[in-house]
Amino acid sequence: MPASTRSLTLDTHRAALARCRRCRLGKGIRPVVSKATNPQVMLVGQAPGKVEAEGGIPFSGRAGRTLFGWLERAGLDETSARHSIYISAITRCFPGPHPSGRGDRVPTREEQSSCGDWLDGELRIIQPKLLIPVGRLAIERFLPAERLRDLIGTKRTVWHVGGSSLVIPLPHPSGASSWIFQPENKILVDRAIDLLAAELGRLDRARVN
């Protein structure tokens with residue numbers, strides 16, 4: 001698909017997504033939509049949090065600061081990342097707080113299914129060369145249900161409805177999880193960041209040439 005056609009098709013998709021009210025989660029809760037233009041890379045999270053729902057910007061809360069810190073170490077500052085990476089999610093609206101009061105509620109299987117065609121549409125339109133699933137829910141959408149420590153710091157090519165992509169997973173950057181703070185897991189995150197840096201650099205060089 002030519003870049004100009006892809007851009008127009010993605011704009012149409014975004015407009016339709018912004019109007020979606022399938023789940024009726026509550027007054028004022030609306031889908032959070034990425035503004036990236038002509039992306040070659042997709043990042044897929046779990047679902048927007050309360051801060052994202054209020055501001056309409058994906059990964060704009062505390063978890064986002066950690067995530068964009070990782071991406072900056074891989075060579076992309078936040079402004080560049082938001083412009084060049086299409087930020088998607090398994091579900092697009094804030095699902096509400098977790099009943100325990102710690103973190104956000106995990107979207108139900110029904111909510112994931114209801115929202116799934118938005119992600120499928122984006123995969124078909126963008127046909128990403130690089131796919132970055134963030135957190136367990138997104139990782140299991142594309143990779144086998146293995147332990148995080150067996151997945152983080154690896155890369156593999158995966159087929160999906162939009163074709164094939166190189167997949168480099170990241171753990172969820174939320175402070176509600178202790179996983180990323182364990183020393184042995186920090187090493188795996190560092191390894192994942194190195195893989196991202198290499199692939200993002202390769203894509204940038206290919207785009208220039």
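Positions are given from 1 along the sequence. Keep in mind the model is a prediction, meaning the values are calculated, not measured. Computed from heavy atoms alone, side chains included, the values below leave out hydrogens, waters and symmetry copies.
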Pick out which of I132, I152, V134 makes a side chain to side chain contact (heavy atoms under 4.5 Å, CB included) with I139.
I152

Looking at T9, N38, L10, L131, which one forms a side chain to side chain contact (heavy atoms under 4.5 Å, CB included) with I126?
L10

Nearest atoms (heavy-atom pairs only) where [X] meets [Y]:
| X | Y | answer |
| --- | --- | --- |
| C93 | I29 | CB-CG2, 3.7 Å |
| A192 | I168 | O-CG2, 4.0 Å |
| R14 | K35 | NH1-C, 3.6 Å |
| D104 | P48 | OD2-O, 4.3 Å |
| F94 | G49 | CD1-C, 3.5 Å |
| L67 | L43 | CD2-CD1, 4.0 Å |

Do [X] and [Y] sit in the same hydrophobic cluster, where Ile, Leu, Val, Met, Phe, Trp and Tyr count as joined when their side-chain heavy atoms come under 4.5 Å apart?
| X | Y | value |
| --- | --- | --- |
| V106 | L143 | yes |
| L119 | V32 | no |
| I193 | I187 | no |
| F181 | L188 | yes |

Distance, nearest 0.5 Å, that separates [atom1] of [X] from [atom2] of [Y]:
| X | Y | atom1 | atom2 | result |
| --- | --- | --- | --- | --- |
| Q40 | K129 | CD | NZ | 4.5 Å |
| E110 | C23 | CD | SG | 10.0 Å |
| H83 | E78 | NE2 | CD | 14.5 Å |
| D150 | R147 | CG | CZ | 4.0 Å |
| S174 | I180 | OG | CD1 | 7.5 Å |
| K155 | L196 | NZ | CG | 10.5 Å |

Any donor-acceptor pair under 3.5 Å from S164 side chain to W159 backbone:
no

Is the backbone N or O of A89 less than 3.5 Å from a side-chain atom of Q46, with the two atoms forming a donor-acceptor pair by type?
no

Check against side-chain hydrogen bond (donor to acceptor under 3.5 Å, both in side chains), T91 and E111:
CA-CA 7 Å; T91 62; E111 289 166 340; 6.0 Å; no

Electrostatic pair [X]-[Y], nearest N-O below 4.0 angstrom:
| X | Y | answer |
| --- | --- | --- |
| E52 | R30 | no |
| R82 | D77 | no |
| R191 | D194 | no |
| D117 | R22 | yes |

Side-chain touch [X]/[Y], heavy atoms, less than 4.5 angstrom:
| X | Y | value |
| --- | --- | --- |
| H172 | L148 | no |
| T154 | E146 | no |
| E199 | L166 | yes |
| W70 | P171 | yes |
| F142 | L123 | yes |
| L8 | T5 | no |
| I85 | M42 | no |
| S84 | P39 | no |

Enclosure of R62 CZ (heavy-atom neighbours >12, cutoff 6.0 Å):
no

Using a cut-off of 6.0 Å, state whether more than 12 heavy atoms not belonging to R21 lie near its atom CZ.
yes

After noting the C-alpha distance and the side-chain angles of R141 and D120, does the key distance pass the salt bridge (Lys or Arg N to Asp or Glu O under 4.0 Å) rule?
CA-CA 11 Å; R141 173 66 169 74; D120 286 346; 2.5 Å; yes

Fit a plane to each ring of W118 and H13, take the angle between them on a 0 to 90° scale, and name the class: parallel (under 30°), tilted (30 to 60°) or perpendicular (over 60°).
perpendicular

